[in-house]
Amino acid sequence: MIHCYALTTDGDLPATTGIDGVGILALACGRLHAVVSEHVGALRPTRERALTHAAVVARVSAHSAAVPVRFGVQCSDAEALRLTVSARADRLVDAVRRVGGHWELVVRSSGERAVATALGPALHAGADGRDYLHRRLEEERRRRAAVATLYGDLRRASTPLDALAEDVVERDGPSGPERCLLVSSSRVAEAVATARQVLAGRQDVLVGGPWPPYSFVEEVA
Amino acid sequence: MSGDGRQGLTVSSPPSPDVVAGGPDEATLVDLLDRVIDRGVVVSGDVVLGVAGVDLVHVGVRLVLRGVEDPGSEQ
């Protein structure tokens, strides 16, 4: 089974090993190279393997322009992977050129359940179905208002970082609303230093990264 | 590179494990895992190989894995 980590336009790879200590290879796919490792049988998804995947993607991204591939993309046939990547080369090459050599920072609330905290206590249950629907509508309205408030807080907190970012994506993450910033490798040191200044003395906001730009690429079917 | 997957900043050399600022490592580890298992490129599709207009082989490339299990449950 072939496990895929990233796609690059440069077949030169850093010296590193992949999942389960297996060496990584550059599989030529037309104008691109798929960074892969070969295994016996399908890999079971474990936290350790996911983090190893992340580490390989980060090393490859630091070495050359690359787009990260989601953990779990596996193929039993190298030729099929090669043909699939080659058939979508235009979009994938464009993605490498757009985000290759960039890193992602995330700004989000540090509370584990930021939206729930912003919502406040649950509404009292209604007496009948009509009351129930009114309650649900009110809960949805409050939820949207809470999310909008959180995004407003995050935008204010990350204003100094926005000036260093080439793109910003706002999305719901595992811990609530988050702002993902795409920063060039030439400015990421400055962005990290700025983030530390922004966060000095604050406990309500958290900045993570830098990571390869997972949030700035998409599924290519 | 350690196996914990934490990514850090070193512009001129491969990243070293680090967290930018603020919050426990486990919190940002959740953010990283979310990205690794739910974002990034997914290359999928079917490829048909043929000769002279005759389809000979149908090859599928599929996303196989989605969930992440705890290491303790691995056989």
Side-chain angles (χ1 to χ4, degrees), chain A residues 4 7 14 16 42-48 50-55 58-59 62-63 67-75 77 79-81 83-85 87-88 92 95 105-106 108 110 173-175 185 188-189 192 195-196 199 202 205-211 214-215 217-221, chain B residues 1-50 56-75:
Chain A
C4 189
L7 298 173
T16 189
L43 294 175
R44 291 189 61 192
T46 67
R47 178 176 158 128
E48 180 181 4
L51 292 177
T52 301
H53 176 99
R59 278 194 173 272
H63 189 75
V67 291
V69 172
R70 190 178 304 183
F71 173 71
V73 175
Q74 300 187 13
C75 180
D77 187 279
E79 186 62 21
L81 178 60
L83 288 171
T84 300
V85 171
R88 294 152 181 82
L92 294 172
L105 295 175
V106 62
R108 65 167 176 84
S110 60
S175 302
S185 59
V188 69
V192 170
R196 289 179 172 145
L199 295 173
R202 295 189 68 159
V205 177
L206 182 149
V207 178
W211 300 308
Y214 288 95
S215 301
V217 292
E218 58 186 7
E219 179 172 346
V220 178
Chain B
M1 174 72 71
S2 68
D4 63 5
R6 284 175 290 174
Q7 311 304 325
L9 163 66
T10 306
V11 177
S12 59
S13 62
S16 59
D18 192 20
V19 173
V20 173
D25 293 347
E26 185 61 29
T28 54
L29 203 54
V30 169
D31 296 320
L32 174 60
L33 281 172
D34 172 68
R35 279 156 176 75
V36 170
I37 67 176
D38 203 30
R39 308 184 196 184
V41 170
V42 174
V43 182
S44 63
D46 294 333
V47 176
V48 178
L49 306 178
L56 298 178
V57 179
H58 183 230
V59 183
V61 177
R62 300 183 186 84
L63 175 64
V64 176
L65 306 173
R66 287 303 301 275
V68 175
E69 302 171 358
D70 289 332
S73 65
E74 182 181 7
Q75 295 180 357

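Below, chains carry the letters A, B, ... as their sequence lines are ordered, and counting in each starts from 1. Please read all numbers here as calculations on a predicted model, not as lab measurements.
Going from atom CZ of A:Arg108 over to atom OG1 of B:Thr28 covers 7.5 Å, rounded to the nearest 0.5 Å.
Contact of A:His53 with chain B is made through the side chain alone, with heavy-atom distances under 4.5 Å. The parts of A:Val69 that come within reach of chain B are both its backbone and its side chain, each placing non-hydrogen atoms under 4.5 angstrom from that chain.
With contacts defined as side-chain heavy-atom distances shorter than 4.5 Å, the pair A:Leu51/B:Leu29 qualifies.
The only option from A:Pro174, A:Ser215, A:Pro68 that meets the side-chain contact (heavy atoms from CB on, under 4.5 Å) definition with B:Arg35 turns out to be A:Ser215.
Taking all atoms of both residues into account, the shortest heavy-atom contact from B:Val36 to A:Tyr214 is CG2-OH, 3.7 Å. Closest approach of B:Gly40 to A:Val217, counting heavy atoms only: CA-CG2, 3.4 Å.
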